[in-house]
Each structure stands twice: as C-alpha cells, then as structure tokens.
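Treat the numbers as computed from the prediction; the structure is a model and nothing was measured.
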Amino acid sequence: MMRTRPLKVALLGCGVVGSEVARIMTTHADDLAARIGAPVELAGVAVRRPSKVREGIDPALVTTDATALVKRGDIDVVVEVIGGIEPARTLITTAFEYGASVVSANKALLAQDGAALHAAAEEHGEDLYYEAAVAGAIPLIRPLRESLAGDKINRVMGIVNGTTNFILDKMDSTGAGYQEALDEATALGYAEADPTADVEGFDAAAKAAILAGIAFHTRVRLDDVYREGMTEVTAADFASAKEMGCTIKLLAICERAADGGSVTARVHPAMIPLTHPLASVRGAYNAVFVESDAAGQLMFYGPGAGGAPTASAVLGDLVAVCRNRLSGATGPGESAYAALPVSPMGDVVTRYHISLDVADKPGVLAQVATVFAEHGVSIDTVRQQGKDGEASLVVVTHRASDASLSGTVEALRKLDTVRGVASIMRVEGE
C-alpha cells in the first residue's frame with residue numbers, strides 16, 4: 001500500500017545535473033512514487049542566481065539560502081550537486097543534524113573528507129549515497145559495496161574521465177597532437193575552458209580514492225593517490241604504442257599488493273594492449289575493469305558524464321534512500337575495517353616503455369643494458385633506429401618497481417651517449 005504523504009527533497013544546485021534531476025523527478029513522478037512506495041516532492045531548490053529562468057521548476061521553490069533550506073526540519077532527503085568543498089561540506093553535515101539523508105555527486109569532497117561525512121551520517125542515523133560521484137551513469141559504487149561485498153576485490157582499473165579519453169582517442173585515431181585534440185574537445189563541449197582538473201588527472205584521482213576505499217575496505221584520501229597528467233603524451237608515443245600492439249589511456253588503478261598487506265591508488269597515462277577490454281573504449285565514454293577472487297573479471301561501461309547520465313545515478317540513489325526512509329532503515333555506510341596501509345608509488349611494480357635519444361655508435365646498447373642490469377631492471381625488448389649519428393632506442397622492461405626504474409633513468413641521464421629521455425610510460429593490462 002502506497003503512503004500518501006510525500007517524501008520531501010531539497011535540491012542544492014540547479015546546473016546541468018541539478019536541472020536534469022528536477023526534470024526527471026517531475027516527468028517520472030508517478031513511476032518514482034510506485035517504485036518507492038510514496039510520492040516524492042521537490043520542496044526547495046537552492047541556487048546562486050535566482051533570477052535565471054529554470055524551465056519546469058516553480059519559482060516559488062527557488063532560494064539562495066541553502067542553509068535555511070536544509071534546516072527546515074521537514075526535509076527527508078538533500079540532493080547535493082553544487083560540487084566543491086565548501087559550502088557543500090557544511091550543508092551536508094547540517095542536513096544530517098536536521099534529520100535528512102543525503103545523495104551527493106561531489107567526488108572532490110568525498111575523496112577529501114569521506115570518512116568524516118560517513119561518521120556524521122552514522123551519528124545521526126542517516127544515509128549518505130554517492131553513486132553519481134564516480135563514472136556518471138555507470139552503476140559502480142553500489143555493485144562494489146553491495147553486490148561484491150562478499151568477495152575479495154584485488155584490482156580496480158578504469159577510464160573514469162570522459163574528457164581525457166576523448167582527447168587520447170582522437171590522438172590515437174587521427175594522429176592529432178595533444179593541443180589539436182584538446183581544442184576539438186573544447187569546441188564540442190567535452191572540455192572546460194580550464195581543463196586542468198581533467199587533463200592533469202585531479203578529477204580521476206578523486207574518483208580513484210573513492211573506489212579504492214570501497215574496494216579494499218580502507219580509508220584512502222585524495223592525498224594518498226599518485227597523480228600524473230596526460231599533457232606530455234605525444235603522437236610519437238602513440239606510434240610507439242601501435243608498434244607494440246597497444247594504445248594509450250589515462251587510467252585510474254587501485255590494487256591490492258600481492259601479499260594482501262597494502263594497497264596502492266594511482267592515476268597516470270599507460271599503454272594497454274589492444275586485446276584488453278579497456279582499449280576499445282572510445283570517445284567520451286568511461287569503463288571500469290574489476291578483478292576479484294570469486295567473480296573473476298567484470299567490466300562496467302557507459303557514459304561517464306553529462307546532465308542526464310549523472311542525474312540517472314542521482315535518481316537511483318534517491319530511490320534507494322527513500323525506500324530506506326520508509327522502512328526505517330539505513331543502507332551500508334563506510335566499511336574501513338581492513339585499514340590497510342597505502343603504499344607509495346615507488347613500491348608499485350609494473351612494466352615500462354622508455355624511449356631514449358642516443359648517439360648512433362657501437363657500444364651504446366651495451367652501456368644502456370648494463371645500467372638496467374645494475375639497477376635490477378630486466379629488459380624484455382629493445383628496438384633501435386639510427387640516422388646521421390643520432391639514434392632512438394626504445395626499451396620495454398619486464399615488471400619492475402617505480403623506485404628501481406627511477407634510479408635506472410637517473411643513471412641513464414649521466415651516460416655521455418644518452419642525449420635525453422624522450423618519454424617514459426607504464427604498460428598495464430597484461
């Protein structure tokens with residue numbers, strides 16, 4: 001039997017995502033009520049510019065006083081899509097204090113202060129859901145913390161930023177340089193006027209922190225995530241990747257150490273074989289590859305950004321939270337019982353692709369190979385091309401730690417025969 005008294009929802013932010021949330025709540029009101037067991041009512045919308053016309057939203061619901069809205073006392077669920085750290089953090093904790101559960105899409109805040117937000121939600125007996133914070137419409141958070149809760153997850157590796165994937169895909173498919181591909185992404189609306197958060201990996205790093213924390217039942221903050229942007233990736237790197245049967249993606253990688261005693265979280269460009277499922281992810285799409293003991297290998301794929309896709313994830317959380325509200329229960333909170341240490345990047349073991357500019361004369365390869373051997377880095381393949389006294393030497397290693405590779409490169413730079421290190425890139429997804 002459906003309850004007639006509606007559950008009241010406060011919406012904080014009414015931009016690209018917030019406006020879609022409001023639209024879907026209105027146009028799908030009957031379906032949402034049937035799925036929840038009670039109607040949901042948009043009780044207020046907090047915005048910065050109240051004079052802006054917002055189609056489908058009653059102007060009487062619009063306010064600039066977000067604090068007063070979350071303090072009303074009759075709000076059941078607060079949907080936060082304003083982003084940033086403040087005032088979002090204060091508004092969310094205030095919502096808990098005044099008896100409301102929260103649905104958020106705020107990856108930056110969750111990556112920085114997720115533990116404190118979960119603690120506040122638990123203290124007041126409220127829900128904190130955030131499916132939309134990672135990979136847009138792709139169901140990922142709930143499968144990791146609910147569907148796979150009985151399994152042991154060993155690795156989560158994925159493309160979690162559509163802007164960077166569009167740029168790298170364009171470079172791969174057309175031979176364009178980085179700036180040319182970025183300009184096209186900007187013109188099409190995939191890249192912001194200031195694309196730093198995307199191309200330097202900040203956005204992906206926040207998502208990696210959230211994913212690692214859930215997957216490994218360990219608190220992982222943004223500061224724990226190694227981050228390397230993709231602005232130095234060149235057309236020459238793609239040419240080298242193709243010669244190896246690979247392509248290049250900006251990956252978020254969260255993995256458990258082989259001995260199970262620690263975890264790592266990192267974001268960086270990497271070559272991956274064309275046979276790997278992530279290699280075929282094109283355009284602005286996202287995909288996340290999960291490896292676990294019992295389930296084996298799983299991949300989640302779909303649109304990772306945009307108003308409607310992200311709103312879909314928000315509404316999914318809203319339905320779940322409202323159902324919990326009606327039953328007098330709360331969903332899963334933070335699970336950080338494992339409390340595994342987060343290892344530094346120097347401990348990470350992977351393969352490497354190193355391109356060196358060297359003198360084209362006898363003995364150079366032997367010198368380079370000796371340096372690798374002295375630092376305990378085993379070479380898998382070597383390719384050398386020379387012309388007019390100069391040569392390009394491409395070395396692909398077996399698996400080695402980041403620290404040992406760094407020592408190797410430092411020693412290579414000291415050789416008289418090495419003119420420079422053109423590029424270094426990790427090789428993932430073996």
Side-chain angles (χ1 to χ4, degrees), residues 7-13 17-18 20-22 24-25 28 32 35-38 40 42-43 70 75-83 88-89 91-149 160 206-207 209-215 217 219-220 288 300 302 304 308-336:
L7 293 162
K8 294 189 176 182
V9 178
L11 179 61
L12 307 183
V17 176
E20 280 295 308
V21 170
I24 295 171
M25 285 185 64
H28 295 180
L32 289 173
R35 293 166 192 170
I36 292 168
V40 286
L42 188 59
V70 300
I75 300 297
D76 293 286
V77 185
V78 169
V79 175
E80 182 273 309
V81 288
I82 57 178
R89 174 170 49 199
L91 290 170
I92 289 173
T93 55
T94 301
F96 293 144
E97 292 169 8
Y98 280 79
S101 289
V102 173
V103 172
S104 176
N106 197 329
K107 55 187 172 288
L109 178 57
L110 288 158
Q112 178 172 305
D113 288 323
L117 295 179
H118 274 293
E122 183 177 2
E123 177 186 354
H124 296 285
E126 303 296 342
D127 271 324
L128 173 62
Y129 275 54
Y130 43 90
E131 184 68 65
V134 179
I138 303 173
L140 185 58
I141 300 297
R142 195 172 292 119
L144 286 178
R145 73 177 187 175
E146 295 182 33
S147 303
L148 296 173
V160 294
K207 295 169 181 176
I210 295 169
L211 292 175
I214 296 170
H217 305 279
R219 287 179 179 169
V220 180
V288 177
F300 300 83
T310 305
S312 170
V314 170
L315 267 295
D317 279 351
L318 179 63
V319 169
V321 169
C322 286
R323 286 172 174 170
N324 292 344
R325 197 92 173 166
L326 290 179
S327 65
T330 55
E334 182 189 33
S335 175

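Considering only heavy atoms from C-beta on, Leu128 comes within 4.5 Å of Leu110 through its side chain. With contacts defined as side-chain heavy-atom distances shorter than 4.5 Å, the pair Val288/Val160 qualifies. Within the 4.5 Å cutoff, the side chain of Val79 has heavy atoms near those of the Val9 side chain.
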Pairs of donor and acceptor atoms involving the side chains of residues 112-124, under 3.5 Å and at least two apart or interchain, shall be tabulated with distances.
unit_1	atom_1	unit_2	atom_2	d
Asp113	OD2	Arg89	NH1	2.3
His118	ND1	Glu334	N	3.4
His118	NE2	Tyr130	OH	3.0

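Contact between Ala212 and Val220 at its shortest, heavy atoms only, is CB-CG2, 3.9 Å. Here the closest heavy-atom approach between residue Ala137 and residue Ala313 is recorded as CA-CB, 4.4 Å. In terms of heavy-atom proximity, Gly331 sits nearest to Asp127 at N-OD1, 2.7 Å. Smallest separation of non-hydrogen atoms from Cys322 and Val40: SG-CG1, 3.8 Å. Val321 and Ser101 get closest at one heavy-atom pair: CG1-CB, 3.5 Å. The two residues Ala132 and Ala105 make their nearest non-hydrogen contact at CB-CB, 3.8 Å.
With Glu80 contributing its side chain and Ile82 its backbone, the two residues share a donor-acceptor pair below 3.5 Å.
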| field | Audit row: Leu11, Leu42, side chain to side chain contact (heavy atoms under 4.5 Å, CB included) steps and yes/no | value | CA-CA 7 Å; Leu11 179 61; Leu42 188 59; 3.9 Å; yes
| Does the side chain to side chain contact (heavy atoms under 4.5 Å, CB included) test come out yes or no for Leu7 and Val77, once each step is laid out? | CA-CA 8 Å; Leu7 293 162; Val77 185; 5.9 Å; no
| message | Under the criterion side chain to side chain contact (heavy atoms under 4.5 Å, CB included), I'd like the reasoning laid out for Thr310 against Val21: C-alpha separation, chi angles, the key distance, then a yes or no. | response | CA-CA 9 Å; Thr310 305; Val21 170; over 6 Å; no
| request: Verify side chain to side chain contact (heavy atoms under 4.5 Å, CB included) between Leu211 and Ile141, making sure each step is shown before the conclusion. | output: CA-CA 7 Å; Leu211 292 175; Ile141 300 297; 4.3 Å; yes
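The OG atom of Ser104 lies 9.5 Å from the CG atom of Leu12; values are rounded to the nearest 0.5 Å. Atoms CG and CD1, on Asn324 and Ile36 in that order, are 11.0 Å from each other to the nearest 0.5 Å. With rounding to the nearest 0.5 angstrom, the CD atom of Glu20 is 13.5 Å from the CE atom of Met25. Here the CD1-CG distance, from Ile210 to Asn106, works out to 8.5 Å after rounding to the nearest 0.5 Å. Residue Leu91 holds its CG atom at 11.5 Å from CZ of Phe96, rounded to the nearest 0.5 Å.
Scored by the salt bridge (Lys or Arg N to Asp or Glu O under 4.0 Å) test, Arg142 finds Glu146, Asp317 as partners (sequence neighbours excluded). For Arg325, the side-chain hydrogen bond (donor to acceptor under 3.5 Å, both in side chains) test picks out Asp76, Glu126, with sequence neighbours left out.
Only one option out of Leu144, Ile214, Leu140 pairs with Val134 in a side chain to side chain contact (heavy atoms under 4.5 Å, CB included); it is Leu140.
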